[in-house]
There are 2 protein chains.
Amino acid sequence: MTLYNPTEEAEIPEVVIRRLPIYARTLAELLGHGIGSVSSNELADRIGVTAAQIRRDLSYFGKFGKQGKGYDIAYLVSEIHRILNLTQDWDVALVGFGHLGQAIARYRGFRESNFRIAAVFDDDPEKIARPAGPEGLEVLSHARITDVVRERGIRIGIIAVPAAAAQQTAELLIAGRVVALLNYAPVVLQVPDHVCVRDIDPVAMLQSMTYYLDKSYLRAHAHANGLVEDK
Amino acid sequence: MTLYNPTEEAEIPEVVIRRLPIYARTLAELLGHGIGSVSSNELADRIGVTAAQIRRDLSYFGKFGKQGKGYDIAYLVSEIHRILNLTQDWDVALVGFGHLGQAIARYRGFRESNFRIAAVFDDDPEKIARPAGPEGLEVLSHARITDVVRERGIRIGIIAVPAAAAQQTAELLIAGRVVALLNYAPVVLQVPDHVCVRDIDPVAMLQSMTYYLDKSYLRAHAHANGLVEDK
DNA sequence: CACGTCCTGTGAAATATGTAACGACGCGAC
DNA sequence: GTCGCGTCGTTACATATTTCACAGGACGTG
Ligand SMILES: NC(=O)c1ccc[n+]([C@@H]2O[C@H](COP(=O)([O-])OP(=O)(O)OC[C@H]3O[C@@H](n4cnc5c(N)ncnc54)[C@H](O)[C@@H]3O)[C@@H](O)[C@H]2O)c1
Ligand SMILES: NC(=O)c1ccc[n+]([C@@H]2O[C@H](COP(=O)([O-])OP(=O)(O)OC[C@H]3O[C@@H](n4cnc5c(N)ncnc54)[C@H](O)[C@@H]3O)[C@@H](O)[C@H]2O)c1
């Protein structure tokens, strides 16, 4: 139906894109252990997916392995980074400097992975002008979100404000040409098509797990352990 | 093929289960605005899915709507809560009381949704015995994870320890009969089949979004705004 | 009480995603 | 150089998920 086009335009499924960072992270970990190459099988075991899936996912982008040998880890990591546009550093705007926002600003994980918190905003006069984060960053007024983000060419925003303020915050960021949002507020954001949103909602995750925690399920596994208790 | 069995055993797709909390949250929000009923179309618009999907999802569990009328919100919320086992409160064990762990312990969102942080663990002697969270909770030694969790019948754990300690922490929790894990550490946990894991990985989410942020994409949308810039 | 409108629940069709299977290649041993 | 083993990339198949589209119930109106 669709012609095979090895270079690009092949319309990659989004699930595949979401798995690539996990592949990259796991490969980098192996590299840290001094391991230089890995087969799809070994990698699959470590990640908890099938080997076929890994080979298939990678085949959307090209040929990275060697038959009989597996993948050269350093090379594959660099290829995945290239695919994901992680060869450059990305500036990120953080909005909301409350409990969560401060934890995010301090979190080393972002910096270690090409993401730099380049601007922090809040609407609390007490917090504005306070130092934020390791380098001389200070908290700016939320009134300046759109202008600052646009001037600095920031394309990624993190929303860590109360639910009631999240939609408006998204709009201010988008007005400043942000096109990727990481949203911690428990709200579904309404955004234009060209904007990409990812939600982080620990409560929803817990709530979806309790579905599997009814009594019969727990009873069954208590049995499996050879132990049955009440409550 | 499979007989229709309205009561149970119908093997519900996991994606469906993951959407239910969002439905419940959105419905509760509408209820807060004083709205008493809603059609699948209105709800779909608000959530950003199709109406057919909502109707189909709900139909796995029964018939909750009225033709011509839509869904009675209060009733539907209570039904979804029943389905998700949210009619009871759930005790949760939190392991790791660093920056993230402290933010989690303070977060009101869990408490407001049936989840109670019932025990907190850390391995730093400085932190052990310190008060943790609003009510008289104190930080316990990680050596006690398995015993305490088992004694108190806690089935849900939150992992907020460094990546290197996450697997071992999961094992201690599982040994204490925890069967649901919310994992904040950037590691793929290896767990038995009967244990349910959800990962929260903001870095991976950002990395999957940058795929869509290459130059041509940004250029295209700058055009759409009638503006083209370099950088 | 007949009619029109609105909206559900659900089969059937369309897509999307995951898995299995295998031909072909690289490499080391002999 | 040929054999044998291990592993890739890919195609064909299997399963999962979403969407379409419509029969039919509920309700208000006249
Ligand atoms: N704390 C957590 O662990 C956690 C976890 C998951 C999700 N969340 C969500 O993240 C959000 C923030 O949570 P928190 O615990 O940090 O709350 P918080 O009240 O501590 O912080 C919110 C911050 O946002 C600021 N703010 C409010 N309106 C604003 C606006 N219009 N523009 C800019 N800043 C504004 C406030 O001044 C405050 O500093 C909430 O939506 C919450 O549901 C929190
Ligand atoms: N801070 C964030 O915003 C954030 C966001 C996402 C993910 N994470 C992840 O969450 C984890 C914690 O991050 P953090 O910023 O809170 O780090 P942190 O160093 O501030 O806290 C880690 C805590 O875990 C404790 N700990 C270490 N080993 C332990 C063990 N074996 N048993 C019990 N406790 C142990 C430490 O004493 C410390 O108190 C990390 O894996 C990190 O990658 C953090």
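Just so we're clear, the structure is a prediction, and the values are computed from it rather than from any experiment. Below, all heavy atoms of this structure are taken into account, side chains as well, without hydrogens, waters or symmetry copies. Labels below follow one simple rule: chain letters A, B, ... track the order of the sequence lines, proteins then strands, and each chain is numbered from 1.
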Rounded interatomic separation in angstrom, taking NZ from A/K66 and C1' from C/dG28: 17 Å
Separation of atom CG in B/L58 from atom P in C/dC7, rounded to whole Å: 16 Å
Among C/dG26, C/dG9, D/dT10, the nucleotide that comes nearest once only the side chain of A/Q67 is considered: C/dG26
Length of the line joining A/L20:CG and C/dT17:P, which is rounded to integer Å: 14 Å
Candidate pair B/I12 and A/Y211, rule side-chain contact (heavy atoms from CB on, under 4.5 Å), full reasoning: CA-CA 11 Å; B/I12 317 285; A/Y211 173 79; 3.3 Å; yes
Among D/dT19, C/dG18, C/dG9, the nucleotide that comes nearest once only the side chain of A/V15 is considered: C/dG18
Heavy-atom closest pair, residues A/V187 and A/A166: CG2-CB, 4.5 Å
Pair A/Y107-A/R111, side chain to side chain donor-acceptor pair (under 3.5 Å): steps then yes or no: CA-CA 8 Å; A/Y107 182 42; A/R111 161 56 54 86; over 6 Å; no
Close approaches to DNA chain D from residues 24-45 of chain B, in residue order (heavy atom, under 4.0 Å): none
Check against side chain to side chain donor-acceptor pair (under 3.5 Å), B/R46 and B/T26: CA-CA 8 Å; B/R46 197 165 281 261; B/T26 308; over 6 Å; no
Verdict with supporting geometry, A/L206 and B/W90, side-chain contact (heavy atoms from CB on, under 4.5 Å): CA-CA 10 Å; A/L206 288 177; B/W90 290 93; over 6 Å; no
Among D/dA21, D/dC8, C/dA20, the one nearest B/R55 by side-chain distance: D/dA21
Length of the CG-P vector between A/D57 and C/dA20, whole Å: 15 Å
Protein-nucleotide distance (B/R19, atom CZ; D/dA16, atom C1'), rounded to Å: 12 Å
Distance in angstrom units between B/L76 CG and C/dT8 P, rounded: 11 Å
Side-chain ion pair, B/R198 and B/E14, N-O less than 4.0 Å: yes
Whole-Å gap separating P (C/dC25) and CZ (A/F64): 19 Å
Test item: B/T146 side-chain N/O and B/L172 main-chain N/O as donor-acceptor pair under 3.5 Å: yes
Separation of atom CG in B/D72 from atom C1' in D/dA26, rounded to whole Å: 15 Å
First of B/K69 and A/R56 reached from the 5' end of DNA chain D, by closest nucleotide: A/R56
Side-chain N or O of A/Y71 closer than 4.0 Å to phosphate OP1/OP2 of D/dG9: yes
side-chain contact (heavy atoms from CB on, under 4.5 Å), paired with B/I159, selected from B/L189, B/I200, B/L94, B/L182: B/L189
Bending between helix ends of the helix from C/dC1-D/dG30 to C/dC30-D/dG1 [5 pairs per end, 10° resolution]: 10°
Separation of B/H81 NE2 from A/T210 OG1 (nearest 0.5 Å): 9.5 Å
Side-chain N or O of A/T50 closer than 4.0 Å to phosphate OP1/OP2 of C/dG18: no
